[in-house]
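Note that this is a predicted model, so its numbers are computed, not measured. Ligands are counted one by one from 1 in listed order, and the atoms in each one are counted from 1 as well. Excluded from the calculations below are hydrogen atoms, water molecules and symmetry mates; all remaining heavy atoms, backbone and side chain alike, are included.
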Amino acid sequence: MKVVETISDLRSIRKFWQTESVAFVPTMGALHSGHLSLINRAKSIATKVVVSIYVNPLQFGPHEDFTAYPRTKEQDLQLCEENGVDLVFYPDTQELHPEGFGAITHVIPPPHLTNQLCGLSRPGHFTGVATIVLKLFNLVTPDYAVFGEKDAQQLAIIQHMVQDLDIPVIIVPAPTAREFDGLAMSSRNRYLPSDCDRQQARLLSRLLMAVQELYRQGMETTDETLTLAKERVLDESLYPDFQLEYLAAVNDKTFQPVAILEDDSRILVAARIGNVRLIDNTLISEPIRLGAPAPQLTLAN
Ligand code: PAF
């Protein structure tokens, strides 16, 4: 496995791979089993796999966890190596933005996709994501890029960007990897050390499952269904630190809110447990698959 930190090294290796197919997995590091499932997906569709590891300052708001975001370089590189990655691009901000962020060109995704859900509490976040992802696509020039469905709004925005700007890459969605108790895998789960935090984190997938159950029983009106699901799952006296940010339903293709639930509705949830913000989502008609109870991958802080 090769690890490069500069654009010129990345480009010279990429030049050798003209006859290969390249699948790209962009990450911010702190790799966990969820990332490994993206890497495995990448390996199954291309002859070379490139992973980028870059904690992108542009996608963090001023009061978000950019500085505290976990950085676990050694373990990340080891996991990439063990999982058959061919090339890791590990740039720093000086390499990507030598002139600083002040005057760079931004990619601004369309408001109908960003003025809702995570875009409301994280203004500018998706501009930061789209800007770095387009830049990485231009550097890596992959045939495929694998994105987790866990970040469903991000995935919808990237798909839109690729279509709108005719970027020659195929976006490959990969299913959300879950812990045995339903918690969607996330680099931020490592901020949930106590049992109590962990139980509260489970509420996200439990809310999704409650909506699915009500839909199976015949409920269709979005507002009523989401309200009832919240009543069933959330008990403030049991979960004092759990703050629901949103529980919402969109059409999976248009990513616009729906008043009536249908099989192609996607249910999304975001919540804070103390300072930790978590998200999750599922297609309403697709059963949530729990992870194996086998020993889980644990990474030190
Ligand atoms: O999903 C992520 O980890 C990030 O948003 C991404 C796509 C690597 C861009 O920084």
Worksheet entry | Distance-only N or O hit between ligand 1 and T27, under 3.5 Å | no
Worksheet item: Do other residues, nucleotides or ligands put more than 12 heavy atoms under 6.0 Å from the CD atom of Q18?
Response: yes
Discussion item. A cation-pi test, strictly: NZ or CZ of R206 under 6.0 Å from the centre of the six-membered ring of Y239 and no more than 45 degrees from its axis. Yes or no?
Written reply: no
Practice prompt. Check ligand 1 against Q154 and write out every atom of the ligand that is under 4.0 Å from a heavy-atom position of the residue.
Written response: 1 (O), 2 (C), 4 (C), 5 (O), 7 (C)
Worksheet item: Do any nitrogen or oxygen atoms of Y54 lie less than 3.5 angstrom from nitrogen or oxygen atoms of ligand 1?
Response: no
Item to complete: Look at atom CD of E99 and say whether more than 12 heavy atoms of other residues, nucleotides or ligands are closer to it than 6.0 Å.
Response: no
Worksheet entry | Atom indices of ligand 1 within 4.0 angstrom of I132 heavy atoms, with elements | 9 (C), 10 (O)
Worksheet item: Which residue supplies the protein heavy atom nearest to atom 10 (O) of ligand 1, what is that atom called, and how far is it?
Response: Q59 OE1, 2.6 Å
Discussion item. So that I can tick it off, tell me whether D280 and R178 are bridged by a salt bridge, with the cut-off set at under 4.0 angstrom between side-chain N and carboxylate O.
Written reply: yes
May I have the list of side-chain donor-acceptor pairs in residues 127-141 shorter than 3.5 Å, sequence neighbours left out?
unit_1	atom_1	unit_2	atom_2	d
T131	OG1	V107	N	2.9
T131	OG1	T127	O	2.6
K135	NZ	L96	O	3.1
N138	ND2	L134	O	3.4
T141	OG1	R14	NE	3.1

Response to the item:
min-distance protein heavy atom vs atom 3 (O) of ligand 1 -> M28 CG, 3.7 Å
